[in-house]
Amino acid sequence: MTGLDDPILPTSIAWGLLAAFSVLWVVLGWWLGRRNKTAEDHMLAGRNVGLALATATAMATWVTANTTMTAPQLALQLGVWGMLGYSLGALGLILFAPLARRIRELMPRGFTSGDFIRLRFGTFTWRVFLVVSLIYAFGWLVSMAMAGGVLINALAGIDYRVGMTVILTVCVIYTLLGGLRAVIGTDFIQTIIIIAGAAFIAWLTIDKVGFEAIHFNLMEERPELLSLLFPAAIMFLFNNLLFGVGEIFHSNVWWSRAFAFGRNVGFRAYLFGGLLWLSIPIVAGFIALATPALGINVPAADMVGPLVAAEVLGLTGAIVVFIVVFAALASSLDSLLAATSDLVTRDIYRGHIRPRASEQHQFRATKVIVVLLGLLTWLAASYRGEIPIVGSLAELLYFTGAFVASAIWPIVAGLYWKQANPQGAAWSMILGSGIGLASYFLIGFYVAALVGAAVSLAVMVLATWLAPRPFDWDRLAREDTHAMGSPA
Amino acid sequence: MRILRPLLPALLFLPLAVGAQPAFDAPPERSTDGGFTLAWEADAAVVLEQASGPDHADARVIYQGGDTSTVISGLPDGEYRFRLRAADADDWADQTTVTVEHHSLTRAFGFFAVGAIVFLVLIGAILRGRPRD
Amino acid sequence: MTISTTALSIIVVIATLVATLTPILLIALFIRDWKKGRLW
């Protein structure tokens, strides 16, 4: 981190916390997964997850390290609108609620988002979708592993590569041992840690600094942050919302949960999770607005959260932040590892390499693929800066906004429009990504997702209007029952 | 926390420090969102001042200490002048000017409107969706 | 147009209250699911 000259948490305490929580997650993962017998158990936790665990896992997964770090960063850079705009990311979860119900009705035996696109739109669209999906998933994985290393380094002075390796290894081990059950079970505890920790820091900041001082000092030093007509923040609002919707609608992380949640649970879990999530970016973000009142220097925008917490709370604050960040990282990293390995197993390995793989075979393949994904992520994250394109992967994630937002309409049309045109779905992703990407370079990062979503909507509507292709919804349920290969 | 760091290192390396004045490291020239990061090269603690007039009349110290960067944000339209000196020196060593010109509100609300339309169509499509017809 | 101290404090306090109650709500849901044997 530029300019941050000493860590806010003593290294010995950080190692103690890291070790204690690593052991906790691995033991829990093993314990939760000990009864997994089939690939279906491992990938979808028995398809009957209840409301409490379902709500918590939706929230925890959507609170990434990005949320705990980016919410304060956006409050610092885009002010009140930045903070509120980030909290609208919750709409992705809320809008996915009806989709989750529909998905489970249409495909009671489905496995991945790739399954749906293949059955609904055919092979060509499926392949385009897999490219979009895997670029995003890998970008997210690597950027989270990197964020883990950077944060641990900045908070505690532990070497970047060591911290990154520890976090990644722990997540790979417990995902490997327990599959989705381990992911969801640990998510529950992680959600509680993250939210309680963020609320604790927020209360103490309110108590020690106070709104009067925050408001007064902002007006003096950074007045635009309080402005309700801050142009960049106004542009950012819907872009962020559509980025979030795109991330959730297309990604197998959320689809595998829709398949795994019990009947009638998905809708309520995503709705509750989303409504409760609304508060998190405000709680985690507003503390950054206290920076002028506290008179602290912020050397790098993404470190503002930990800096304020440590200033207000001293050592306790640093410890709470460290635990919250570790929980936030783990809860997203594990979900992404599990869901991406499912997608690779189902749609690449079984779909493209060994179509006749037996269930036992796929069970083993899923595990091998988790390890391979972990290794690949580790390689990309450890050589950041040395390979040019990987060095900027964190920024790369920003322009995946164009890709994911252009997948919104193929998903929505596929689920709801009987006449949706399959070629149109493929081209709406291709053109949406392309033009969205161009606008990223021509205008700025805050419009890429917006343009991607707008273009893909236009293409999808036009194609379906000009060349409607009626679809028999029952085909989805009929064909996905045969999709899992022969039982071993 | 680390606002006022001891000047000991600067004194120890005094002969070296004389040759290396603090200097801004690739400062931005303009900003469309009122925010940017200022970074500098320095061997020891520095003093950073911000002013909005050409003669530094309203200058105030915005940072003093051993960090080598600072995040500025929330500035309204205007020309801002920053200058930098070593904490133990009297003369300013480097200065830079950043112009803040926010996007026009017309442009901002244009994108806002496109976003709002896409979003409303999305809500409509989901609400209208009837299972199995 | 600037947000007032009151409006800012209302937004933040409500959000923080919700965030404080969320873990309690989740644990209550967990206990309910557990008693009914509907955790998984």
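Below, all heavy atoms of this structure are taken into account, side chains as well, without hydrogens, waters or symmetry copies.
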Practice item. Identify the heavy atoms of Leu29(C) and Ala52(A) that sit nearest to each other, and give their distance. Key: C-CB, 3.5 Å
**Study point:** Residues, nucleotides or ligands: over 12 heavy atoms within 6.0 Å of Arg32(C) CZ
**Key:** yes
Review point. Relative to chain C, which segment of Leu84(A) carries a heavy atom at a distance below 4.5 Å: side chain, backbone, both, or neither?
Key: side chain
Review point. Which atoms of Leu226(A) come close to chain C, meaning under 4.5 Å heavy atom to heavy atom: side chain ones, backbone ones, both, or neither?
Key: both
**Study point:** Side chain, backbone, both or neither of Phe200(A) within contact of chain C (heavy atoms, under 4.5 Å)
**Key:** neither
Check your understanding: Heavy-atom distance under 4.5 Å to chain A: side chain of Ile14(C), backbone, both or neither?
Key -> neither
Revision key, fill the gap. Minimal heavy-atom distance between Thr16(C) and Ala199(A), with the atoms involved, is CG2-O, 4.1 Å
Practice item. Can you establish whether the number of heavy atoms outside Arg35(A) located under 6.0 Å from its atom CZ is more than 12? Key: no
Revision key, fill the gap. Honestly, the part of Leu32(A) sitting under 4.5 Å from a heavy atom of chain C is side chain
**Study point:** Interatomic distance, Ile194(A) atom CD1 to Thr22(C) atom OG1 [nearest 0.5 angstrom]
**Key:** 12.0 Å
Review point. Considering only heavy atoms, which portion of Arg181(A) lies under 4.5 Å from any heavy atom of chain C: side chain, backbone, both, or neither?
Key: both
Point to revise | Derivation and outcome, side chain to side chain contact (heavy atoms under 4.5 Å, CB included), residues Asp33(C) and Leu51(A) | key: CA-CA 7 Å; Asp33(C) 277 1; Leu51(A) 186 60; 4.0 Å; yes
**Study point:** Neighbour count >12 (heavy atoms, 6.0 Å) for atom CZ, Arg47(A)
**Key:** yes
**Study point:** Side chain His215(A), main chain Ile3(C), donor-acceptor under 3.5 Å
**Key:** yes
Point to revise | Under 4.5 Å from any heavy atom of chain C - which part of Ser227(A) | key: both
**Study point:** Evaluation steps, side chain to side chain contact (heavy atoms under 4.5 Å, CB included), between Phe272(A) and Leu25(C)
**Key:** CA-CA 11 Å; Phe272(A) 288 169; Leu25(C) 186 76; over 6 Å; no
Exercise for review: Mind listing the closest non-hydrogen atom pair of Phe188(A) and Leu26(C) along with its distance?
Suggested key: CZ-O, 3.6 Å
Revision key, fill the gap. If one checks every heavy atom of Val80(A) against chain C at 4.5 Å, the contacting part turns out to be side chain
Study note, to complete from the structure: Note: Val13(C) and Phe211(A) closest approach over all heavy atoms is CG2-CE1, 3.8 Å
Practice item. Name the option with the most non-hydrogen atom pairs under 4.5 Å to chain A; the candidates are Thr2(C), Thr5(C), Leu17(C). Key: Thr5(C)
Exercise for review: Pick whichever of Leu229(A), Leu276(A), Leu53(A) has the most heavy-atom pairs under 4.5 Å with chain C.
Suggested key: Leu53(A)
**Study point:** Euclidean distance, Leu8(C) CG relative to Glu212(A) CD, rounded to 0.5 Å
**Key:** 10.5 Å
Check your understanding: Side chain, backbone, both or neither: which part of Thr6(C) has a non-hydrogen atom closer than 4.5 Å to chain A?
Key -> neither
Exercise for review: Identify the heavy atoms of Ser279(A) and Val18(C) that sit nearest to each other, and give their distance.
Suggested key: OG-CG1, 3.8 Å
Exercise for review: May I ask you to test the Trp40(C)-Asn48(A) pair for a side-chain heavy-atom distance under 4.5 Å?
Suggested key: no
Point to revise | Straight-line distance of Ile192(A) CD1 to Phe30(C) CZ, nearest 0.5 Å | key: 8.5 Å
